[in-house]
Visitor: 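First the structure, which I've put down as structure tokens, then a few questions once you've had a look.
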Amino acid sequence: MITLHIEAANLQDLRTKVAQALGDVLIPAAMYGVDTKPAPVVKAAKPRIMETSYAPAVAPVAETPTPAPTPVVDTVVDTPAADGALDYDIDVKPAVLAVSKALGRAGVEDLLKPFNVTNAKFIPADQFAALVAAAKAMVAE
């Protein structure tokens, strides 16, 4: 009778020591997890760099010269509509912009305060004349 005394730290260590003592004849290598062949070395694939060119989809169009824009006059102008009513785009907006240019944002806020609005677009059409008059007075000061 043969007595064998093996000390191992864990189960894997025990399997390895038993395999070494008995040899591969009695215990197949697959059972104790020892692989006699080293793992194959796998090379990392090189990143593929694709060269692309971005050609325009259509042929370029010859540019035509654009006419020079007409200068904008920043003054309040009396141009009432044909029926005597004032128009926002023609009368009110230029007046508010003239105040803005002359006095800044604070000036526009002071202009709109009596009308209880924060934007001249919210002023009723029947009050356009009063707004334009107030704007002229502010710019003239």
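The shown structure was predicted, so the numbers you read here are calculated from the model rather than taken from an experiment. Here, residue 1 is the first one in the sequence, and each next residue gets the next number.
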Visitor: Minimum heavy-atom separation for K17 to E7, with atom names?
Guide: NZ-O, 2.8 Å

Visitor: Taking side chain as C-beta onward, heavy atoms only, is V132 less than 4.5 Å from V92?
Guide: yes

Visitor: For A8, check side-chain contact (heavy atoms from CB on, under 4.5 Å) against everything at least two apart and list the hits.
Guide: D13, L14

Visitor: Look only at the side chain of T16 and the backbone of Q12, and say whether a donor-acceptor pair between them is shorter than 3.5 Å.
Guide: yes

Visitor: Restricting to side-chain contact (heavy atoms from CB on, under 4.5 Å), what partner residues turn up for D89, sequence neighbours left out?
Guide: D87, K93

Visitor: Any non-hydrogen side-chain atom of F115 less than 4.5 Å from a side-chain atom of L131?
Guide: yes

Visitor: List in chain and number order the residues that pass side-chain contact (heavy atoms from CB on, under 4.5 Å) with N119, two or more places apart in sequence or in another chain; answer none if no residue qualifies.
Guide: Y88, K121, F122

Visitor: Using a 4.5 Å cut-off on heavy atoms from C-beta on, say whether the side chain of L112 contacts that of T118.
Guide: no

Visitor: Name all residues meeting the side-chain hydrogen bond (donor to acceptor under 3.5 Å, both in side chains) criterion together with E109; count only those two or more places apart in sequence or in a different chain, and write none if there are none.
Guide: R105

